[in-house]
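We number each residue from 1, following the sequence as shown. Every heavy atom of this structure was used, including side-chain atoms; hydrogens, water molecules and symmetry mates were not.
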Amino acid sequence: MNLKTITKSIFALSAVVALAACSNQTTSNSTNSKSELKTVKVASVGSDADIWRHIAESDQAKKAGLKIEVEELNGGVPLNQAVAEGSVDANAFQSIGYLHGFNSSNSSKLTPIGTTYIEPMGLYSKKVKALNDLPNGAKIAIPDNPYNTTRALRLLETAGLIKLSADFKEGTGTPSDIVENKKNFEFLLIDDTTSIRVLDDADLIAIGNTIALEGGLNVLKDALFYEKADESTITSINVIVVKSGNESNDDYKKLVDLYHDAEVQKFISDKFQGTKVEVKKPISEVWGK
C-alpha cells in the first residue's frame with residue numbers, strides 16, 4: 001500500500017471516529033436533556049385531571065423543565081392525604097374553603113401555592129323559569145357536606161331568597177342559621193353527586209359546576225342564578241396545594257405559571273365553555289382570609 005493510499009485511509013478513519021463521537025455526543029446531550037426534566041406528580045380528578053393531562057403533554061411543561069405525572073384519585077380526602085403522605089407532590093381540585101376544612105380536622109397541614117379558577121355554583125330548576133316563580137313551601141335541595149352546604153346557603157341569600165344570621169359561619173353553617181324565610185321554603189340536604197337526578201323532584205337545586213358540567217349543564221347558560229367572582233366568594237376560589245413546608249419549591253411554583261399560560265387558558269375556556277373562570281391572584285391575597 002503506497003503512502004497516498006495510507007494517508008487517505010487515515011483521513012477516512014478519522015472522519016468515521018469524529019462522526020461517531022458527534023453521534024455519541026448528540027445522543028448523550030439528548031439523554032441528558034431528557035434526564036434534566038424534573039418529575040412532579042400532580043393529583044387531581046375529573047375535569048381538573050383533564051386539564052393537568054393537557055398541561056403535562058404541552059411544550060410549555062417541557063420548556064419549564066418539568067415532566068408532570070397526573071394521578072387521578074376519587075374523593076377530596078384521598079387527594080389531600082396523597083399530598084400529606086408524599087405519594088404525590090401537589091394536587092389541584094379544591095377550593096380554599098374546602099382546604100380550610102381539611103386543615104382544621106387533620107394534623108397534616110397543606111398550603112396553597114397559587115390560585116387557578118372559580119367554578120360558580122348555580123341554582124337550577126326544571127320547574128320554574130325564574131326565582132320569583134318559586135311557590136310558597138318550595139323544596140330547595142342543597143349539598144350535604146359542610147363547606148358546600150354553607151356555600152349554597154350563602155348563594156341563596158345573595159339571590160334574595162333567604163336571610164342568614166349575622167354570625168353565620170362559612171364551613172359550619174346549616175339551614176338552622178336561616179333567620180328569614182318569607183316563602184317557607186323546605187330545605188333538603190342531599191348527596192351532591194346525585195344533584196342532576198334530583199332536578200326532577202325538587203323545585204330548586206344548588207349544584208357545583210363540576211357536577212353540573214358532567215350532567216350536561218352550563219352554569220352560565222342554564223342556571224337561574226350563579227356565584228360571581230368577588231370578595232364574597234374568596235373561599236370558592238380553587239388552588240394548587242402542596243404539603244406545608246414545600247411552598248417555596250421552585251418546581252412546584254412552575255405549576256402555577258403553567259396553569260395560567262395563555263395556550264392552556266384557551267384550552268380550558270374552549271373545553272369547558274368558559275365555566276372555569278380564571279382567577280390569577282397572589283396567594284397572599286386570598287389565603288388565611
Common cluster, Val286/Leu110, ILVMFWY with side-chain heavy-atom separation under 4.5 Å: yes
Report yes if the side chains of Trp287 and Ile96 come closer than 4.5 Å at any heavy-atom pair, otherwise no. yes
For residues Pro175 and Thr149, report the shortest heavy-atom separation together with the two atoms involved. CD-CG2, 4.4 Å
Does the Tyr147 side chain pair with the main chain of Ser236, one donor and one acceptor, at a distance under 3.5 Å? yes
Only counting residues at least two apart or in another chain, list the ones meeting side chain to side chain contact (heavy atoms under 4.5 Å, CB included) with Asn106. Phe102
Would Lys126 and Asp200 count as a salt bridge (charged side-chain N to carboxylate O under 4.0 Å, His left out) here? Give the steps. CA-CA 7 Å; Lys126 280 188 174 181; Asp200 291 323; 3.0 Å; yes
Tell me whether Val42 shares a hydrophobic cluster with Val242, the cluster being built from Ile, Leu, Val, Met, Phe, Trp, Tyr side chains joined at under 4.5 Å. yes
Would you say Leu155 and Ile205 are hydrophobically clustered, going by side-chain heavy atoms of ILVMFWY under 4.5 Å? no
Could you label the plane-to-plane angle of the His54 and Phe267 rings as parallel, tilted or perpendicular, counting under 30° as parallel and over 60° as perpendicular? parallel
Quick one: sort the Phe93 and Tyr98 rings into parallel, tilted or perpendicular, breaks at 30° and 60°. perpendicular
Give a yes-or-no answer on whether the side chains of Gln94 and Asn80 include a donor-acceptor pair shorter than 3.5 Å. yes
Show the numbers, then the answer: is there a side chain to side chain donor-acceptor pair (under 3.5 Å) between Ser244 and Thr111? CA-CA 5 Å; Ser244 294; Thr111 300; 2.7 Å; yes
All salt bridge (Lys or Arg N to Asp or Glu O under 4.0 Å) counterparts of Arg197, not counting sequence neighbours: none
Verdict with reasoning, Arg53 to Glu72, per salt bridge (charged side-chain N to carboxylate O under 4.0 Å, His left out): CA-CA 10 Å; Arg53 279 189 283 265; Glu72 188 162 3; 3.2 Å; yes
Could Lys276 and Phe272 be counted as a cation-pi pair, given that NZ or CZ must be under 6.0 Å from the ring centre and within 45° of the axis? yes
Run the side chain to side chain donor-acceptor pair (under 3.5 Å) check on Thr39 and Glu69 step by step: do they pass? CA-CA 7 Å; Thr39 298; Glu69 295 181 357; 4.6 Å; no
Under 4.5 Å between any side-chain heavy atoms of Glu227 and Val219, yes or no? no
Ile113 versus Tyr252, closest heavy-atom pair with distance: CD1-O, 3.4 Å
Does the structure place the NZ or CZ of Lys228 under 6.0 Å from the centre of the six-membered ring of Phe225, at an angle of no more than 45° from the ring's axis? yes
Give a yes or no on whether the backbone of Gly137 and the side-chain of Asn184 come within a donor-acceptor separation of less than 3.5 Å. no
Short side-chain donor-acceptor distance under 3.5 Å, Asn246 and Asp89: no
Decide whether Asp48 and Tyr117 meet the rule of one side-chain donor and one side-chain acceptor closer than 3.5 Å. yes
Testing the 3.5 Å rule here: is there a donor-acceptor pair between the side chains of Thr275 and Asn209? yes
Listed partners of Lys129 passing salt bridge (Lys or Arg N to Asp or Glu O under 4.0 Å), at least two apart: none
Do you see a donor-acceptor pair shorter than 3.5 Å between the side chains of Glu263 and Ser58? no
